[in-house]
Structures are given as C-alpha cells and as structure tokens.
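None of these values were measured; they are calculated from a predicted model. Residue numbers run from 1 in the order of the sequence given.
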Amino acid sequence: KRVKSANSRFERYLEKKPEKYLLQLYITGATPRSCQAVANLRKFCEENLEGLYQLEVVDIYQHPDLAREEQIIAAPTLIKKQPIPRKVMVGDLSNQELVKRCLGISSSSI
C-alpha cells in the first residue's frame, strides 16, 4: 500500500511538471533577418518559456551538414524537437501568436 501511494504521488508530480522545450533555430550568418529572428525568439522564450527551454542557434553556413540532415530549405527556420510532436516554422518569428500556435503553447501548457 505504501509503494502504491508513493507511485501515485510521483505520477501526479510528473503530470504537473512542464516539459522543457528543445528548440533549434537555423539562420544564415549575421544577416539582418537572421539577427531579428534570434532576437525575436529569445524575447519570446524569456516571456513565455522562462527556464523551460533550451535553444540552439545553428548557422547553416558553418554547419551545412546539420541543415542538410534536418532538410532545411529556407532560413530562418525554427524546429521544435521537444516536446513532441515536432514542429517547423519558417520566418523571422515576429508574430508571437503564430509562434505560440506553432509551438503548441497555451496558457495552460506552461
């Protein structure tokens, strides 16, 4: 009985603990559009996912192999790897409502 109680408490904890977002942003060097996408995404993450995200910025000029592996055909491209399902968004990420929808973020999910 004690084990069952501990298990159910642990399961409730897991249900309440928000998942961490694993994000990759593919850019093309230090172009104005790339810089704006990075700034927009960082601002978005700090305002909506504080402490719940890991962001990797990948310059496709420096890492063409990663871009090829992810089948990146335009930049900037944001990929949400976790939590599943995987989502992809192309653009400068200036429309925060569109970014929220793409990432599957609602006020109840964070």
Identify every side-chain donor-acceptor pair in residues 96-104 under 3.5 Å, counting partners at least two apart or on other chains, and give the distances.
none

Hey, can you pull the donor-acceptor pairs under 3.5 Å for the side chains in residues 58-68, sequence neighbours left out?
from : atom 1 : to  : atom 2 : distance (Å)
D59  : OD1    : G29 : N      : 3.1
D59  : OD1    : Y61 : N      : 2.8
D59  : OD2    : G29 : N      : 3.4

Show me, pair by pair, the donor-acceptor contacts under 3.5 angstrom made by side chains of residues 50-57, not counting sequence neighbours?
from : atom 1 : to  : atom 2 : distance (Å)
Y53  : OH     : E46 : OE2    : 2.4
E56  : OE1    : Q24 : NE2    : 3.0

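Nearest heavy-atom pair across P76 and R33 is CD-NE, 3.5 Å. Taking all atoms of both residues into account, the shortest heavy-atom contact from G91 to A37 is O-CB, 4.2 Å.
With S34 contributing its side chain and T28 its backbone, the two residues share a donor-acceptor pair below 3.5 Å.
Rounded to the nearest 0.5 Å, atoms CG (N40) and SG (C45) are 11.0 Å apart. Interatomic distance, M89 CE to L78 CG, rounded to the nearest 0.5 Å: 7.5 Å. To the nearest 0.5 Å, the span separating CZ on R42 from CG on L25 amounts to 9.0 Å. Here the straight-line distance linking atom OG1 of T77 with atom CD1 of I72 works out to 4.5 Å at 0.5 Å rounding. For the atom pair CG (L41) and CG (D92), the distance works out to 11.0 Å, reported to the nearest 0.5 Å.
Under 4.0 Å is where a charged nitrogen must lie from a carboxylate oxygen, and between E70 and R86 at least one such pair does.
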